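Some notes on the structure that comes next.
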Amino acid sequence: MRRLAVLGSAVVATALACASPAWAVVPTAASYSATITGAVYEWNGLAGQYQQTAAVNLPALLFVEPRRSAPTPTSPVVGLFTGQTPALDSRPGAINFATNSQGFHVDPNVLGPTQAAIDVAGVQADPAAGTVQATLDPQAARAIQVDLFRTSASFVSAPAQILVGSMTLQFSADGRTVTGSFDLAGNGLIEPGNPLIPVKRYVANVSGTATAIQADAGGGGTGAASALPLLDRVRAPAGGLGGAARRGIAVTLSCRTACNVRATLSVSKALARRAHLAQTRVGSARASRASAGQFTLHVKLTRKARAALRGRAKVKVDLSVTVTTPDGVGHPFTKRLTLRGR
């Protein structure tokens, strides 16, 4: 990150303030409900420094997972997503970033890069300290044009392709919380600017709480953490409301033990009232596994709900999934989806 350090004194990356715990863990795989706080900047050639374009306070998904090819404890994949690709999401601070292109499996707008598994950053994990450090490789980063962030809501401002920068994460002793910071920069896809001075920059802190976690038993984690289930992927079918009624929303989970799964789809009380639905629940499904493994559950919209909601341009539905492990503990997951009317 030496290049960024000399570009302008107006911006200084915030370093992690927390000291390493006495014992710590870098999860083998985990997802976190996170918050990004910081600011985005654009280079002002006349002033010779970066100038802030917007403050950022956005919810995000942060995750860590093993690399698909030759996974090792010292080289996990790290991803940070605020939702839709910044090519469509105009919020300043919107970001899609993964240190390996396999990480884009969480983004339904991006399919191709999930197959190549290309590293765009060097990642080093220190299980003893509970830290992960990722540093962009500028040459590799140019090959992946889906690592993006926004600095402006203006429709004439293109998202920046992330080309240089770094991210540092510090995990708690049990891996259930994470704090960190990042300093990323790049050039707009349609406004490349000077390749030696990235046009746009994003400096922020991130903090999160685990929604699913698998700790490596050899890395200081607890046995209970390693048995927790994971919500791997949620994908709405093509065809909007009709597809959700015929084929269902595909929910892929990984159970580390035998498990029972119950999933429901619901709409808001206001929408149920307007659509003359007797209840907010508009779909459900159940499944079970007698042993550990990954499987996919399809949660279908009921025919009655589809008929009541027909004609609407889009409908927001809340997916709630509860995975019950043999100890009787229920592990909840939630996700909001938008189904288009067709």
Side-chain angles (χ1 to χ4, degrees), residues 1-14 36 38-56 58 60 77-104 107 109-110 112-114 116 118-123 133-168 180-206:
M1 208 48 199
R2 183 176 301 169
R3 177 185 296 170
L4 288 180
V6 301
L7 291 180
S9 58
V11 181
V12 179
T14 304
I36 300 172
V40 284
Y41 304 82
E42 295 188 4
W43 180 256
N44 184 319
L46 294 177
Q49 64 182 14
Y50 285 102
Q51 293 187 336
Q52 181 175 324
T53 55
V56 176
L58 292 176
V77 174
V78 177
L80 183 65
F81 291 77
T82 52
Q84 278 189 315
T85 169
L88 301 174
D89 186 347
S90 62
R91 295 176 299 170
I95 185 171
N96 274 17
F97 171 67
T99 60
N100 182 291
S101 60
Q102 81 175 57
F104 279 86
D107 185 350
N109 299 294
V110 180
T114 65
I118 299 172
D119 283 315
V120 299
V123 181
Q133 175 76 33
T135 303
L136 268 291
D137 178 338
Q139 291 186 337
R142 288 189 181 278
I144 303 298
Q145 297 186 345
V146 287
D147 269 327
L148 306 170
F149 68 83
R150 277 272 182 184
T151 58
S152 171
S154 171
F155 71 94
V156 298
S157 177
Q161 180 185 4
I162 300 172
L163 299 175
V164 293
S166 63
M167 172 184 285
T168 304
S181 63
F182 62 84
D183 187 344
L184 303 171
N187 296 325
L189 295 177
I190 60 174
E191 45 187 1
N194 185 339
L196 298 179
I197 303 178
V199 173
K200 303 182 181 186
R201 190 173 181 185
Y202 194 170
V203 181
N205 294 330
V206 60

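Small disclaimer: the values here were computed from a predicted structure and weren't measured.
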What's the spacing between [X] [atom1] and [Y] [atom2] if we round to 0.5 Å?
{"X": "Ser166", "Y": "Gln133", "atom1": "OG", "atom2": "CD", "answer": "5.5 Å"}
{"X": "Asp137", "Y": "Ile144", "atom1": "CG", "atom2": "CD1", "answer": "11.5 Å"}
{"X": "Gln102", "Y": "Asn100", "atom1": "CD", "atom2": "CG", "answer": "4.5 Å"}

Is a donor on one side and an acceptor on the other found under 3.5 Å between the side chain of [X] and the backbone of [Y]?
{"X": "Arg91", "Y": "Pro86", "value": "no"}
{"X": "Thr151", "Y": "Val40", "value": "no"}
{"X": "Asp147", "Y": "Ala98", "value": "yes"}
{"X": "Lys200", "Y": "Leu184", "value": "no"}
{"X": "Gln84", "Y": "Ser90", "value": "no"}
{"X": "Ser101", "Y": "Ile118", "value": "yes"}

Do [X] and [Y] have side chains that approach each other closer than 4.5 Å (heavy atoms only, starting at C-beta)?
{"X": "Ser152", "Y": "Glu42", "result": "yes"}
{"X": "Ile162", "Y": "Leu148", "result": "no"}
{"X": "Leu163", "Y": "Arg142", "result": "yes"}
{"X": "Leu80", "Y": "Val206", "result": "yes"}
{"X": "Asn96", "Y": "Phe104", "result": "yes"}
{"X": "Val164", "Y": "Pro198", "result": "yes"}
{"X": "Phe182", "Y": "Asn205", "result": "no"}

Centroid-centroid distance, Phe149 to Phe97, less than 6.0 Å: no
Classify the angle between the aromatic ring planes of Tyr50 and Tyr41 as parallel (below 30°), tilted (30 to 60°) or perpendicular (above 60°). perpendicular
Step by step, would you call Asp89 with Arg150 a salt bridge (charged side-chain N to carboxylate O under 4.0 Å, His left out)? CA-CA 8 Å; Asp89 186 347; Arg150 277 272 182 184; over 6 Å; no
If you compare all heavy atoms of Pro92 against all heavy atoms of Leu58, which two are closest, and at what distance to 0.1 Å? O-CD1, 3.7 Å
